[in-house]
Amino acid sequence: MMGSKGHTPEHPAETMLSLVGKKRAILIMCHNNPDPDTIASAAALKYIFAQRLRRKAVIGYDGTIGRAENRQLVRRLKIDMVRTKDLNFNDFSVIALVDSQPHTGNNAIPRKILPHIVIDHHPMRKDTTRCAFYDVRPIYGSSSTILTEYLRELDLAVDRKLATALYYGLKTDTNSLSRSFIKADLDAFNYLFPRIAPRTLAGIENPSVPKSYYLKFADAIAHSVQYGDVMISCMGTLNTPDVTAEMADFLLRMENIRWTLCMGEFKEYLLLSVRTSRRGWIAGKIALRVLKGLGTGGGHEKAGGGKISLEGLKPEERAQIAQKVTDRFLKALGIQDREGKPLTAVVPADPL
Ligand SMILES: [Mn+2]
């Protein structure tokens with residue numbers, strides 16, 4: 001089974017702490033355009049360093065905290081996050097990377113710097129094995145699950161804020177346990193749930209959103225085309241980078257749809273998200289195949305994605321890339337019919 005092989009040291013939390021030892025300045029890096037899982041994992045790691053080593057770590061990120069939910073998560077739980085442009089990587093003696101791995105193209109750690117600590121649940125990358133400490137568990141539903149285990153291994157009390165963050169990270173990464181999860185995720189879920197702040201969580205999950213959010217949804221639906229059990233949406237210019245993932249989840253709920261691909265342009269990049277309801281470590285693999293030679297990406301069993309640089313390209317060249325992505329995706333899935341049917345095509349009314 002591709003992507004199921006990982007690596008977890010014995011007593012991972014203690015091993016990690018002994019490695020940090022007396023080193024002073026610690027940077028915890030999230031992946032780009034951070035999602036709740038990377039944010040919560042970073043917050044948990046920061047808490048562990050504060051409790052056990054009396055060190056105040058810095059949480060860094062690059063890109064945009066886009067979704068209204070994610071902004072609420074950071075604001076309501078008061079998670080301090082610093083943009084990488086305001087950081088100097090050389091100022092830190094320890095760099096930890098959560099929910100990502102070196103040289104994947106989705107984190108801002110410079111190529112020549114190898115993080116000391118990597119905690120992740122994506123398929124194992126070769127370069128990760130060169131890091132001093134790595135704990136990669138591809139079969140886990142979230143990195144938040146791994147960090148919850150660390151807190152339990154170290155017997156550290158989890159306050160309401162941190163429990164809420166980790167719970168939300170786990171919940172969103174597994175799409176409310178509708179995507180891949182294992183017993184460890186359920187155990188973390190059951191551990192965290194009695195400790196969360198329910199009203200705070202409700203505020204995070206139901207933020208008000210601008211009118212443009214609905215217009216983008218309307219636009220995405222208007223540009224969705226169905227090919228058998230595949231739905232592809234070219235969403236045009238995006239307001240936030242993570243809306244392709246949201247739309248890919250949204251469209252996957254449609255009857256008879258087993259695969260979705262949503263793509264759109266954000267700051268000189270074509271971003272894409274792939275989802276499937278099929279099992280077997282394929283979404284990330286398909287994403288990689290689509291992106292080969294064009295950009296970077298990867299993913300999990302049922303969710304994947306990536307990005308392609310569009311810098312300096314003319315509109316028609318950008319359109320060609322989107323077409324190439326579509327063609328490769330359909331080819332990878334063995335779809336013969338390349339005509340496609342617009343989602344909004346008029347269907348005959350049901351007889352009364
Ligand atoms: Mn994750």
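We count residues from 1, following the sequence as given. Both counts, for ligands and for their atoms, begin at 1 and track the order of listing.
Annotation: side chain to side chain contact (heavy atoms under 4.5 Å, CB included) contacts of Ala188 (sequence neighbours excluded): Thr145, Thr148, Leu170. Legend: residues meeting side chain to side chain contact (heavy atoms under 4.5 Å, CB included) with Leu154, ordered by chain and number and at least two apart, are Ala13, Glu14, Leu17, Ile48, Arg52, Leu156.
In this structure, CG in Asp62 is found 9.5 Å from CG in Asn107, a value given to the nearest 0.5 Å.
When distances to the Mn ion (ligand 1) are checked against a cut-off of 2.8 Å, Asp120 contributes no N, O or S atom below that limit. Among the atoms of His122, none of the N, O or S atoms falls under 2.8 Å from the Mn ion (ligand 1).
The atom of Asp37 nearest to the Mn ion (ligand 1) is OD2, with the search restricted to N, O or S atoms. The atom name of the N/O/S atom in Asp99 closest to the Mn ion (ligand 1) is OD1. Nearest N/O/S atom of Asp173 with respect to the Mn ion (ligand 1) is recorded as OD2.
Under a cutoff of 6.0 Å and an axis angle of 45°, Arg195 and Tyr191 form a cation-pi pair.
No continuous path of ILVMFWY side-chain contacts below 4.5 Å connects Ile26 to Leu114, so the two sit in separate hydrophobic clusters.
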